[in-house]
J.: 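Quick one: the structure is below, questions incoming.
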Amino acid sequence: MAASGEPRRQCQEEVAAVVVVGSCMTDLVSLTSRLPKTGETIHGHKFFIGFGGKGANQCVQAAKLGAKTSMVCKVGKDSFGNDYIENFKQNGISTEFTYQTKDAATGAASIIVNDEGQNIIVIVAGANLLLNTEDLKEAASVISQAKVMICQLEITPATSLEALTMARSNGVKTLFNPAPAIADLDPQFYSLSDVFCCNESEAETLTGLTVDNPEEAGKAATVFLARGCKVVIITLGDKGCVLLSQTEPVPKHIPTEKVKAVDTTGAGDSFVGALAFYMAYYPNLSLEEMLRRSNFIAAISVQAAGTQSSYPYKKDLPPTLF
Ligand SMILES: Nc1ncnc2c1ncn2[C@@H]1O[C@H](COP(=O)(O)OP(=O)(O)O)[C@@H](O)[C@H]1O
Ligand SMILES: *[C@@H]1O[C@H](CO)[C@@H](O)[C@H](O)[C@H]1NC(C)=O
Ligand SMILES: *[C@@H]1O[C@H](CO)[C@@H](O)[C@H](O)[C@H]1NC(C)=O
């Protein structure tokens, strides 16, 4: 504890407004002219390591917008884990509850991308799956003091459910991103979601409906609302998103502007991170306005290569967004 004449201010500064209980993954990316066949060895022309994982991506976007954030997650006691913790620190994210374990490796995604942009990906969630309810208990004070908590499905579902339950019982707004989606999602996820936000293919998996345009997204959103979510948002790539809420149960399409997309990887995470930022820091904005701004921020992220590296900082955005 630093001695200070302003203990109150210090204390306020330490509290994270946006807490993510979720995943981090190291992306190991090889660029090749074509994808290898079974048993084949081919030479690629470029290799790079990136920071990914839906939870971490969302946290980084919220932090880049100026949110006080804390990342509750688990990495391995290995070099990738050490590097990831350093990445969080570089982004000003609290790592107080970023655990390191000897029992599994840091989550990794081995990605091969060909010249046409097609890819094959193997994800080994590793340490992410070892984040457990004991860890959440240790992090209880940071979760209960947040304004918004975000969860996804790249960690053990029981851990996500427990985190959502803890947040809900402390009056913390829950933002749930059911990604990657599983068809038989525990129904409690719906009732514990203040805001439920997914993309088109996730909405299809979870409802069995076809979701390809704003109208179909509105129908899928109606299903999620009936399952107990308070607010439903379905993102539609370059078509923006659709909003439906218990207070205004008529689907509303919020389009976005046309941009030249370079790399759409992680656009959904930029969107969710931005939305969490607005929910935490501008709670009086209408949801529609929050989504217009989140669309704008995610559209910037698709105009540059990379995932977290493509997410904009507050200083690079129009002041009218803040
Ligand atoms: N080509 C694009 N042009 C403009 N905005 C985009 C584009 N692709 C994605 N976005 C923005 O990112 C959000 C999430 O994109 P989407 O493709 O639906 O999610 P995911 O990344 O999960 O596939 C969209 O709602 C939109 O705001
Ligand atoms: C939706 O997100 C999933 C990851 O959960 C991704 O695999 C899929 O490509 C995305 N779908 C669309 C339509 O963007
Ligand atoms: C939001 O509105 C309420 C009630 O009008 C007000 O008391 C509060 O200060 C506002 N909050 C912010 C962050 O502007």
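Whatever order the structure lists them in is the order used to number ligands and atoms, beginning at 1.
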J.: Quick one: which ligand 2 atoms are inside 4.0 Å of a heavy atom on Pro180?
T.: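 Those of ligand 2 that fall under 4.0 Å from Pro180 are 5 (O).
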J.: Please identify which atoms of ligand 2 are closer than 4.0 Å to at least one heavy atom of Ala179.
T.: 5 (O)
J.: Quick check: Glu257 and ligand 1, any N/O pair under 3.5 Å apart?
T.: no
J.: Does NZ or CZ of Lys314 lie under 6.0 Å from the centre of the six-membered ring of Phe322, at an angle within 45° of the ring axis?
T.: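 Yes, cation above the ring, under 6.0 Å and within 45°.
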J.: Run down the list Gly237, Ala298, Ala274 and name the one with the heavy atom closest to atom 16 (P) of ligand 1.
T.: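 Comparing heavy atoms across Gly237, Ala298, Ala274, the nearest one to atom 16 (P) of ligand 1 lies in Gly237.
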J.: Under 3.5 Å between some N or O of ligand 1 and some N or O of Thr235?
T.: yes
J.: Gly268 heavy atoms, cut-off 4.0 Å: which ligand 1 atoms fall inside?
T.: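 It comes down to these atoms of ligand 1: 14 (C), 19 (O), 20 (P), 21 (O), 22 (O).
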J.: Do Asp194 and Lys173 meet the salt-bridge criterion of a basic N to acidic O distance under 4.0 Å?
T.: no
J.: Between Lys54 and ligand 2, which part of the residue brings a heavy atom under 4.0 Å of the ligand: side chain, backbone, both or neither?
T.: side chain
J.: Should you measure from each heavy atom of Val259, which atoms of ligand 1 turn up under 4.0 Å away?
T.: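 Selected atoms, number and element: 3 (N), 4 (C).
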J.: Apply the test side-chain hydrogen bond (donor to acceptor under 3.5 Å, both in side chains) to residues Gln61 and Asp269: give CA-CA distance (whole Å), side-chain angles for both, the deciding distance (0.1 Å), then the verdict.
T.: CA-CA 8 Å; Gln61 178 64 89; Asp269 294 334; over 6 Å; no
J.: Could you check whether Arg292 pairs with Glu289 (Lys NZ or Arg NE/NH1/NH2 to Asp/Glu carboxylate O, under 4.0 Å)?
T.: yes
J.: If the threshold is 4.0 Å, N to carboxylate O, is there a salt bridge linking Arg34 and Glu40?
T.: yes
J.: Does either side chain, that of Asn87 or that of Asp83, offer a donor lying less than 3.5 Å from an acceptor on the other one?
T.: no
J.: Report the relative orientation of the aromatic rings in Tyr190 and Phe224; use parallel for angles under 30°, tilted for 30 to 60°, perpendicular for over 60°.
T.: parallel
J.: For atom 15 (O) of ligand 1, which candidate among Ser201, Ala267, Ala261 provides the closest heavy atom?
T.: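 Considering heavy atoms of Ser201, Ala267, Ala261, the nearest to atom 15 (O) of ligand 1 sits in Ala267.
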J.: Side chain or backbone, does Glu202 bring an N or O within less than 3.5 Å of an N or O on ligand 2?
T.: yes
J.: Is the closest basic N to carboxylate O distance between Asp78 and Lys102 below 4.0 Å?
T.: no
J.: Side chain or backbone, does Asn284 bring an N or O within less than 3.5 Å of an N or O on ligand 3?
T.: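 By distance alone, the answer is yes.
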J.: Distance below 4.0 Å between atom 7 (O) of ligand 2 and any protein heavy atom?
T.: no
J.: Taking only heavy atoms of Leu236 into account, list the atoms of ligand 1 that are under 4.0 Å away from them.
T.: 18 (O), 25 (O)
J.: At less than 4.0 angstrom from any non-hydrogen atom of Ala299, what atoms of ligand 1 do you find?
T.: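 Matching atoms, with element in brackets: 4 (C), 5 (N).
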J.: Would you mind listing which atoms of ligand 2 come within a distance below 4.0 Å of any non-hydrogen atom of Asn199?
T.: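 Matching atoms, with element in brackets: 1 (C), 2 (O), 3 (C), 8 (C), 10 (C), 11 (N), 12 (C), 14 (O).
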J.: From atom 14 (O) of ligand 3, is the closest protein heavy-atom distance below 4.0 Å?
T.: yes
J.: Nearest heavy-atom pair of Val148 and Ala276: which atoms, and what distance?
T.: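 Reported closest heavy-atom pair: CG2-O, 4.0 Å.
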J.: Where is the nearest protein heavy atom to atom 23 (O) of ligand 1: which residue, which atom, and how far?
T.: Asn199 ND2, 3.4 Å
J.: Which protein non-hydrogen atom lies closest to atom 1 (N) of ligand 1, naming both residue and atom, and how far is it?
T.: Asp238 CB, 3.5 Å
J.: Under 4.0 Å from atom 10 (C) of ligand 3, is there any protein heavy atom?
T.: yes
J.: Going by the atom numbers of ligand 2, which of them fall below 4.0 Å from some non-hydrogen atom of Ser201?
T.: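 It comes down to these atoms of ligand 2: 1 (C), 8 (C), 10 (C), 11 (N), 12 (C), 13 (C).
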J.: Side chains of Gln100 and Asn82 only: does a donor on one sit below 3.5 Å from an acceptor on the other?
T.: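 On atom types as modelled, these side chains qualify, holding a pair under 3.5 Å.
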J.: State plainly whether the residues Glu215 and Lys219 are in salt-bridge range, i.e. N to O under 4.0 Å.
T.: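 Yes, charged N to carboxylate O under 4.0 Å.
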J.: Going by atom types alone, do Gln308 and Asn57 pair a side-chain donor with an acceptor below 3.5 Å?
T.: yes
J.: In ligand 1, which numbered atoms sit nearer than 4.0 Å to a non-hydrogen atom of Gly240?
T.: 24 (C), 25 (O)
J.: Would you please say whether a donor-acceptor pair under 3.5 Å links the side chains of Thr247 and Ser245?
T.: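 Yes, because at least one side-chain N or O of Thr247 sits under 3.5 Å from a partner of the opposite role on Ser245.
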J.: With atoms numbered from 1 as shown, which atoms in ligand 1 lie under 4.0 angstrom from a non-hydrogen atom of Asn295?
T.: 25 (O), 26 (C), 27 (O)
